[in-house]
Amino acid sequence: MDIRIGTLVNGNQAAPDYIRQIKPYGFESFSITFWQKIGDVNLKELALKVRDAIGDDEIKINCLGMFGNPLESTPIDEETLKGWEVLIDHAHLFGANVVAGFAGRLRGKKVDESMNRFKEVFTPLCKRAADNGVRIAFENCDMGGDWNSGDWNIAHAPAAWEMIFNAVPAENLGLEWEPCHQLVSLIDPLPQLKKWAPKVFHVHGKDATVMWDVVKTRGIRGNEPFVYHRTPGFGDTNWTDVISILRMAGYKGSIDIEGWHDPIYRDDLEMTGQVHGLRYLQQCRGGNFVPNPTLP
């Protein structure tokens, strides 16, 4: 159970009821996530209600998420930055030690041009997090951007990771990694994970299927999709290898399924797909724990 298998839960007033409904399926952790702002959610009340929904079950909240652009200056961006601060301050109420999200970027600018602003924002955030026993992790999603331009996140490419960790060389700054976003960039996720596993603080359980026939005949900039986001168990990644690499690097935390993306197991089949992903990832982890015999 050093590596738990769970799922994402939207950070709103309905989160406790949602947890109460799905926890019988066997999820071992939940990651509570917010989109761009916390809004009118009272985190102290939410933490109490979430703990009440979990009850006596051995379920952890390892990670909170704030997904927006904390580097820009529009009102919603400022709410995102404030959300980072508030989640860092309140993470302990949930028992979480990771706050994750997008690194942000200066809109329409190259990755390089965002680094000074990144350092300005995340140097004090990392200090704030360290003072609260919290680690910060960036999801490796490009959100439709690339090296030269984008809106949301500079932390989508290994070259950018190197720049980020050089700009803010804090031990509590790392990655929220998943193979899906690497496959979307046609990167083999396994050798990448071997290199970067020590910096992985949280894992999103999301995979992808690359349509290599489309890549080879039509390329990646045509009118036909060349890749689909998938729930683990339905995509291209060998998660047994993923978990083995994480174990060898000493990873302790959770793999929380990021649902609502699979093109097949969706709508009425959403939770069918997620529970299959849960069982699949548990099997990749090695199945149920079996104690060793007592030796004389």
Side chains of [X] and [Y] in contact at under 4.5 Å (non-hydrogen atoms):
X      : Y      : value
Tyr25  : Thr7   : no
Tyr251 : Val200 : yes
Asp40  : Gln13  : yes
Leu173 : Phe138 : yes

Residues [X] and [Y] bridged, charged N to O under 4.0 Å:
X      : Y      : value
Asp17  : Lys49  : no
Arg285 : Glu28  : yes
Arg4   : Glu58  : yes
Arg117 : Glu120 : yes

For the [atom1] atom of [X] and the [atom2] atom of [Y], what is their distance to the nearest 0.5 Å?
X      : Y      : atom1 : atom2 : value
Ser29  : Met1   : OG    : CE    : 8.0 Å
Asn148 : Lys110 : CG    : NZ    : 5.5 Å
His261 : Thr231 : NE2   : OG1   : 9.5 Å
Leu71  : Asn153 : CG    : CG    : 9.0 Å
Ile88  : Leu125 : CD1   : CG    : 5.0 Å
Met211 : Asp236 : CE    : CG    : 9.0 Å

| query | For the residue pair Tyr265 and Phe234, does the interplanar ring angle fall in the parallel (under 30°), tilted (30 to 60°) or perpendicular (over 60°) class? | reply | parallel
| task | Determine the interplanar angle of the His204 and His202 rings, folded into 0 to 90°, and report it as parallel if under 30°, tilted if 30 to 60°, perpendicular if over 60°. | result | perpendicular
| message | Under a 3.5 Å distance rule, please check whether Thr209 uses its side chain to pair with a backbone N or O of Tyr228 as donor and acceptor. | response | no
| said: Given 3.5 Å as the limit, does a donor-acceptor pair link the side chain of Asp52 with the main chain of Leu48, or not? | reply: no
Got a sec: does the [atom1] of [X] have more than 12 other heavy atoms crowding it under 6.0 Å?
X      : atom1 : answer
Glu113 : CD    : yes
Glu171 : CD    : no
Asn288 : CG    : no
Asp268 : CG    : no
Arg279 : CZ    : yes
Lys23  : NZ    : yes
Asn238 : CG    : yes

| said: Against Ile5, only a single residue in Asp256, Val203, Leu281 fulfils side chain to side chain contact (heavy atoms under 4.5 Å, CB included); can you say which? | reply: Leu281
| query | Of the options Leu87, Val86, Asn97, which is the one that meets Leu64 in a side chain to side chain contact (heavy atoms under 4.5 Å, CB included)? | reply | Leu87
Considering all heavy atoms, the nearest [X]-[Y] contact:
X      : Y      : result
Ile255 : Gly205 : CG2-CA, 3.8 Å
Arg20  : Pro24  : O-CD, 3.6 Å
Lys37  : Ile76  : CD-CD1, 4.0 Å
Val111 : Arg105 : N-NH2, 3.6 Å
Glu270 : Trp260 : OE2-N, 2.9 Å
Ile61  : Phe94  : CB-O, 3.4 Å

| Does the separation of the ring centres of Trp161 and Trp196 fall below 6.0 angstrom? | yes
| message | Which residue is it: Asp262, Thr237, Asp207? I am looking for the one with a side-chain hydrogen bond (donor to acceptor under 3.5 Å, both in side chains) to Arg230. | response | Asp262
| request: Show the numbers, then the answer: is there a side chain to side chain contact (heavy atoms under 4.5 Å, CB included) between Asn69 and Met143? | output: CA-CA 11 Å; Asn69 187 345; Met143 291 296 289; over 6 Å; no
| message | With no hydrogens and no angle check, just 3.5 Å: does a side-chain donor-acceptor pair link Trp152 and Asp142? | response | no
| query | Applying the 4.5 Å side-chain criterion to the ILVMFWY set and letting contacts propagate, would Ile22 and Leu46 be lumped into a single cluster? | reply | yes
